[in-house]
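Just so it is clear, the structure is predicted and the values come from calculations on it, not from any experiment. Note: hydrogens, waters and symmetry copies are ignored here, and every other heavy atom, side chains too, is used. Sequence lines set the chain letters: A, B, ... in the order given, protein chains first and strands last, and positions in each chain run from 1.
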Number of protein chains: 2
Amino acid sequence: MVVMDSSTAREQVLDAAEELFYGRGVQCVGMDDIRGASGVSLKRLYQLFPAKEQLVEAYLERRDARWRGRLAAFVERREDPEERILALFDWLEVWFGEDGFRGCAWINSYGELGATSERVATQVRLHKGAFGAYVEGLVAAAGLPGTLAGQLFLLAEGAMVTAGITQTTEPARQARTAAELLLRGCRGG
Amino acid sequence: MVVMDSSTAREQVLDAAEELFYGRGVQCVGMDDIRGASGVSLKRLYQLFPAKEQLVEAYLERRDARWRGRLAAFVERREDPEERILALFDWLEVWFGEDGFRGCAWINSYGELGATSERVATQVRLHKGAFGAYVEGLVAAAGLPGTLAGQLFLLAEGAMVTAGITQTTEPARQARTAAELLLRGCRGG
DNA sequence: CCGAGGGGAGAACGCCCGTTCTCCGCTGCC
DNA sequence: GGCAGCGGAGAACGGGCGTTCTCCCCTCGG
């Protein structure tokens with residue numbers, strides 16, 4: 001096989017890890033599965049990630065960057081600050097409808113490993129904190145009261161959980177409708 | 001030891017299972033841990049539950065009955081139909097503040113086993129379906145539009161997830177505030 | 001051409017865990 | 001009292017998995 005430098009090997013491992021961990025759950029994917037799917041030998045795999053836990057951490061970290069990047073790119077296509085808030089829920093609907101959607105990776109990982117692995121719990125809190133801060137930013141940019149941000153955040157989280165469990169996109173629309181009502185309420189309507 | 005009939009043995013096993021599965025996650029609790037905590041021998045344990053998966057199923061099932069019973073008992077102490085809807089969120093706050101609260105057992109189990117075990121996935125869907133139907137009932141009893149129910153449901157789900165991850169009770173109050181606003185909107189206020 | 005070293009494949013190791021089996025003591029009936 | 005059978009304790013079994021080790025090939029410098 002052609003030589004492969006460390007950073008591409010790393011990416012291939014993370015690609016495989018993301019697909020498998022997200023699709024089946026972390027604990028039922030073995031390091032051997034990762035090797036098979038990535039084509040990176042166990043030896044090198046352990047050079048890149050000294051233990052499975054660190055691979056899980058890296059998987060969540062990289063996915064966080066991607067996920068928030070995609071969200072922001074979608075939202076920023078709208079100009080109006082209030083439209084941007086609603087776009088958040090439109091984006092959820094797009095996400096929920098994607099092939100292989102299986103709920104929120106962080107919520108799932110927290111359910112699986114939150115009690116066991118401090119590193120995983122930390123990644124989840126960081127991700128949810130960053131998402132919450134992003135919502136706060138959108139709310140502030142629209143000149144709306146800060147209390148609204150937490151409420152929208154809960155709607156989004158509820159929609160993610162429910163979409164994951166029911167395998168439908170409908171929760172995104174329900175959450176969007178609720179968000180519109182809350183926005184209207186803030187405008188004093 | 002004194003003789004123990006099947007139904008008390010069953011209860012003791014389920015008590016132990018509930019505490020351990022909920023507190024640490026299903027997969028990191030072994031059948032031996034259940035035996036140690038319940039005092040029921042492995043042989044009898046396997047007579048009562050032929051496989052671990054069925055014990056998990058029974059744990060979720062019994063917890064569902066308890067959980068919804070407690071919720072209903074709390075809510076029904078209020079007379080006014082709209083107060084009952086808000087009481088739902090007050091009850092969440094009580095629940096979130098309990099010792100050992102670690103999020104929603106069904107959401108956690110779904111993250112852990114939803115992709116692997118059809119029985120577990122089914123239990124989770126049944127539980128969430130029953131909770132959703134209960135919310136719908138409260139909304140209908142208050143003469144409010146059915147679309148509100150789904151929105152309140154999402155708020156409650158979001159609060160459960162967030163309270164579990166952050167280990168705070170605050171999401172219950174945020175969700176309650178949002179619920180009040182949505183109610184007010186329905187009244188045409 | 002030769003020897004050293006890095007990397008790949010996969011066997012090996014140790015441990016855990018779900019499930020079953022073995023052995024033994026107790027109990028209750030004749 | 002004797003014996004059959006139920007039930008408890010825990011060893012045993014089989015498989016899986018995280019991690020490490022062994023062996024071999026290929027490459028590259030002399």
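For DNA chain C, the residues of residues 45-58 of chain B within the heavy-atom distance limit of 4.0 Å (strictly under) are B:Tyr46, B:Ala51, B:Lys52, sorted by number. Of the residues in residues 20-33 of chain A, those with a non-hydrogen atom less than 4.0 angstrom from any atom of DNA chain D are A:Val29, A:Gly30, A:Met31.
Annotation: side-chain contact (heavy atoms from CB on, under 4.5 Å) contacts of A:Glu136 (sequence neighbours excluded): A:Ala149. B:Arg125 meets the salt bridge (charged side-chain N to carboxylate O under 4.0 Å, His left out) test with B:Glu118; sequence neighbours excluded. For B:Thr166, the side-chain hydrogen bond (donor to acceptor under 3.5 Å, both in side chains) partners are B:Thr168, not counting sequence neighbours. For B:Ala178, the side-chain contact (heavy atoms from CB on, under 4.5 Å) partners two or more places apart in sequence, or in a different chain, are A:Gln151, A:Leu182, B:Leu155. Remark: A:Ser38 pairs with no residue by the side-chain hydrogen bond (donor to acceptor under 3.5 Å, both in side chains) rule, at least two apart or across chains. Applying the side-chain hydrogen bond (donor to acceptor under 3.5 Å, both in side chains) criterion to A:Arg173, with sequence neighbours excluded, gives A:Glu93. Taking the side-chain contact (heavy atoms from CB on, under 4.5 Å) definition, one finds that A:Ala9 meets it with A:Met4, A:Val40, A:Arg44, A:Leu48, sequence neighbours left out.
The stretch residues 5-30 of chain A participates, sequence neighbours left out, in these ring pair (Phe, Tyr, Trp, His ring centres under 6.0 Å) pairs: A:Phe21-A:Tyr59. Listed by first and then second residue, the ring pair (Phe, Tyr, Trp, His ring centres under 6.0 Å) pairs that reach into residues 126-151 of chain B are B:Trp67-B:His127, B:Trp67-B:Phe131, B:Trp106-B:His127, B:Phe131-B:Phe153, sequence neighbours excluded.
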Restricting both atoms to N or O, compile the protein contacts to nucleotides 10-14 of chain C shorter than 3.5 Å, with distance only.
none

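A 6.0 Å sphere centred on CD of A:Glu170 holds no more than 12 heavy atoms belonging to other residues, nucleotides or ligands.
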